[in-house]
Every structure is written in C-alpha cells, then in structure tokens.
Amino acid sequence: MSPGPSPAVLHERVLTWWDEHARPLPWREPGCSAWGVFVSEVMSQQTPIARVLPAWQAWTERWPTPADLAADSPGEAVRMWQRLGYPRRARRLWEAAAQMVERHDGQVPRTHEELLALPGVGAYTAAAVASFAFGDPQVVIDTNVRRVLVRAREGRAQAAPSLTTAESALAADSMPREVDDANTWNAAVMELGALVCTARSPGCDRCPLLDVCAWQRAGCPPYEGPVRRAQAWHGTDRQARGALLAVLRESAGPVAGSALEDAWSDAAQRGRALRGLVEDGLVEPVDGGYALPA
DNA sequence: CACGCGTGGTT
DNA sequence: TAACCAAGCGT
C-alpha cells in the first residue's frame, strides 16, 4: 500500500525526537488547566505560536476559568484578542465559556462530542483538547500532521487542499496503540511539522525520519495537484473589517461614525463591513456611533 | 465543498 | 515586493 515506513518505526523516531526537541510551551506544563489548553488551541487556529504566547498569558491571567471570562463582556474578549487575527474566534471563545458555565458546571467538557458542540470548536480542536487536556487519544489532524504523514508515508510533497477520507484513515492508522504514547504522538507529529517538516523549506537534514521518509526516498518530487487560489487581501471587505475593528479595539469607549470614516474611506464598503461586524457580534451600534459589544 | 474570515513574518 | 504561510471554523 504505502511505500513509507511502518508506524512502529515512525513512533520510535518521532517520540524520541520529541523528548529532545519539544518546545516548553506553557500550555504543555503538567499543571496547566484544561481551560488553558482550550484557550491555547483556539488562539493557535491559523495563528503562529510566537504571537499566541503573550496573548495567552494575558488571557489566562485575567480569566483563569471559563466563569471568569463568561462574567466579563464579549467586547472585552474582542479587545483582549488584540491583533491575533480572525476576531470571531474571540467572540466564539467567550460564547464557549458561557456554555461551559451553563451546561458543564463551569468546566471544559471532556468528551470529543461535547467539545465539538461548542462554538468555534471543530474536529481538530475537539480532538486536540480531548487528547492534550484529558488524555483521551483522539486522532488529531491538523495541517502539520497531514504534511508529515503525506510526506513520510506516501511520498508526496504536500497534502490535498482539503482533508480527504484517505488522509483521515492514514492518520488513524499511524496512531500508537498505547494511550500515553498516542497522546504524545499527537503533540509530537504536530511539533515535527511545525519545526522541521515545514511547508516552505523543510529541515530534512535534521529530521529524525530522513532515512525512512517515503518522500525523501522518492527524491523529493514536487507537488502535483490542484492549487488553492491565494487569498486576496488589499481592498477586500476583510481588510476593511480589520481596519474598523482596530479603531474600536484601541478606543476605551464608543467611537463616532466619523472616526470610522478615517479608518476606511469607501462608504459602501465601510457600511458593508460594519454590518458584517455587527452580525458577527463583534461590534454594536450605539447612540451616535459604534462600540465593542457590552 | 469552496469560500470568507485577520494579521504579520518570511521568502 | 507580492505571494506564501501559520495548531481551522462555519456556512
């Protein structure tokens, strides 16, 4: 079937590499709460760890439990999100905290199914929290895992644009059977993809799988497959939303409509972006202007 | 299922 | 410098 090494070989190599090279991130400390892990996973969705670290510190100090966050306003969550990007994640994290208070006795739920039901939590985040916070070895599949497995086991440069059932099966087949190893494996494969088996310029010379990697053995053939169109940015509604929300985040109180005109001059696009932000619960119209939601 | 959704560092 | 890339989610 696959030209790559057996799972047993992968486990030995990757788990040994993890012991020596895992970064000491605060949410990996034994004493970190499930809430701390949960916040770290949501913040890390599409955002580099270097930018997550200070925001995670600030959030968990200010809101040490789900109840602490739920007792504050969603607008404060949006403000504290700072410039992590995709601010809808902040609003959804606040809503998730509120649901934990209402339905889960103020705790992060422990099962994959309950986690998946929370706003802002998809298959990846539910599996990651179950595994990393609660030791339940769900199959964790993110972009790093997909890239490492596709290269090492199938000999291709990169995974398809979206997750396939074949990749899910490959990831499940790659899991160690023993529980502790499986949970460590989840973190270790991601870490290998983040630090060594990277998308742009992989550090194959320091990879623990160098001599068994199917992609390496095939001569590192380039990717052949459908290409995802690059995201537009300049002049998009998304850029407008970002500019408008930045003004509100940096203001202590409500902002007059005229101040938002300075942030984005095109009136039609400004109006469209503002309506979208209001729909998403990131902005509230108030008397004579706009504010973060109370 | 393809697309919209932020931001900033790297190449 | 424009394009690419980063622990995805919701519709």
Side-chain angles (χ1 to χ4, degrees), chain A residues 22-23 25-28 36-56 78 81-93 95-96 115-133 138-149 157-165 171 185-195 197-203 223 226-249 263-264 269 272-273 275-277 279-283:
Chain A
R23 290 168 293 179
L25 303 175
W27 48 86
R28 289 176 177 165
V37 174
F38 187 91
V39 171
S40 81
E41 290 301 336
V42 174
M43 286 185 167
S44 300
Q45 293 166 0
Q46 300 283 281
T47 300
I49 299 304
R51 229 177 313 158
V52 167
L53 275 166
W56 183 88
V78 173
W81 200 250
Q82 301 180 331
R83 304 188 68 81
L84 286 183
Y86 293 143
R88 293 192 288 195
R89 291 183 292 163
R91 171 78 205 204
R92 288 173 181 152
L93 193 39
E95 288 168 358
L115 287 161
L116 196 53
L118 296 170
V121 176
Y124 162 76
T125 302
V129 172
S131 181
F132 303 149
Q138 297 287 319
V139 183
V140 173
I141 306 176
D142 77 328
T143 185
N144 290 307
V145 173
R146 296 179 65 210
R147 188 174 54 248
V148 171
L149 294 182
Q158 59 178 274
S162 54
L163 180 64
T164 65
T165 56
W185 166 261
N186 278 333
V189 181
M190 285 177 58
E191 190 78 337
L192 187 63
L195 298 183
C197 192
T198 55
R200 200 82 80 93
S201 51
Y223 173 70
V227 179
R228 188 194 295 275
R229 210 177 65 123
Q231 283 186 349
W233 171 248
H234 292 285
T236 61
D237 286 5
R238 185 159 24 158
Q239 186 185 22
R241 288 168 55 111
L244 295 170
L245 194 59
V247 172
L248 288 164
R249 241 185 354 241
W264 199 266
Q269 193 169 36
R272 196 163 60 239
R275 276 194 302 279
L277 288 167
E279 269 179 35
D280 290 345
L282 299 175
V283 171

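Quick note: numbers below take in every heavy atom, side chains included, and nothing from hydrogens, waters or symmetry partners. Quantities reported herein were computed from a predicted structural model and do not represent experimental measurements.
Side-chain atoms of A:S131 never come within 3.5 Å of backbone atoms of A:A127 as a donor-acceptor pair (strictly under, hydrogens ignored). Proximity of a side-chain donor or acceptor of A:R146 to a complementary backbone N or O of A:S162 within less than 3.5 Å is detected.
With sequence neighbours excluded, no residue forms a ring pair (Phe, Tyr, Trp, His ring centres under 6.0 Å) with A:W264. For A:R200, the salt bridge (charged side-chain N to carboxylate O under 4.0 Å, His left out) test picks out no residue, with sequence neighbours left out. By the salt bridge (charged side-chain N to carboxylate O under 4.0 Å, His left out) test, A:R88 is found to be paired with A:D280, residues two or more places apart in sequence or in another chain being considered.
No hydrogens or angles considered: a donor-acceptor pair under 3.5 Å links the side chains of A:Q231 and A:R238.
At the heavy-atom level, A:R23 lies under 4.0 Å from base atoms of the strands shown. Looking at heavy-atom distances under 4.0 Å, A:R91 makes no contact with the nucleic acid at all. Within the nucleic acid shown, A:A50 has no heavy atom closer than 4.0 Å to any nucleic acid atom. Across all strands shown, A:W27 has heavy atoms under 4.0 Å from base atoms, whether or not it also approaches the sugar-phosphate. At the heavy-atom level, A:V121 lies under 4.0 Å from the strands shown only through sugar-phosphate atoms. Among the protein residues, A:L25 comes within range of the nucleic acid bases, having at least one heavy atom under 4.0 Å from a base atom. Residue contacts for A:T125: at a heavy-atom cut-off of 4.0 Å it reaches the sugar-phosphate backbone alone, with no base atom in range. No contact: A:S40 has no heavy atom under 4.0 Å from any strand. Within the 4.0 angstrom heavy-atom criterion, no nucleotide atom of any strand lies near A:P161. Using a 4.0 Å heavy-atom cutoff across all strands shown, A:A128 reaches no nucleic acid atom at all.
Nucleotides of DNA chain C lying under 4.0 Å from heavy atoms of chain A occupy a range whose first and last members, 5' to 3', are C:dC4 to C:dG10.
Taking 4.5 Å as the limit, every side-chain heavy atom of A:C197 sits out of range of all side-chain heavy atoms of A:V189. Side-chain atoms of A:V121 and A:F38, non-hydrogen and from C-beta on, do get closer than 4.5 Å to each other. Between A:V78 and A:L245 the shortest side-chain heavy-atom distance falls below 4.5 Å. Annotation: side chain of A:R89 is in contact with side chain of A:T47 (closest heavy-atom distance under 4.5 Å).
Atom name P, nucleotides C:dT11 and B:dG6: the rounded distance is 14 Å, in whole Å. Straight-line distance between the C1' atoms of B:dA2 and C:dA7: roughly 22 Å, to the nearest whole Å.
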Query raised in the report: What dot-bracket string describes DNA chain B from 5' to 3', counting Watson-Crick and G-U wobble pairs whose defining distances are under 3.5 Å, with [ ] for crossing pairs and | for pairs to another strand?
Result: .||||.|||||
Query raised in the report: Passes side chain to side chain contact (heavy atoms under 4.5 Å, CB included), A:L282 versus A:W81? Steps please.
Result: CA-CA 11 Å; A:L282 299 175; A:W81 200 250; over 6 Å; no
Report summary line: In 5'-to-3' order, the base (B), backbone-only (S) or no-contact (-) status of each nucleotide in nucleotides 2-9 of chain B, using a 4.0 angstrom heavy-atom cut-off, is --BBBBB-
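Comment: A:E95 engages A:R91 in a salt bridge, judged by a side-chain N to carboxylate O separation of less than 4.0 angstrom.
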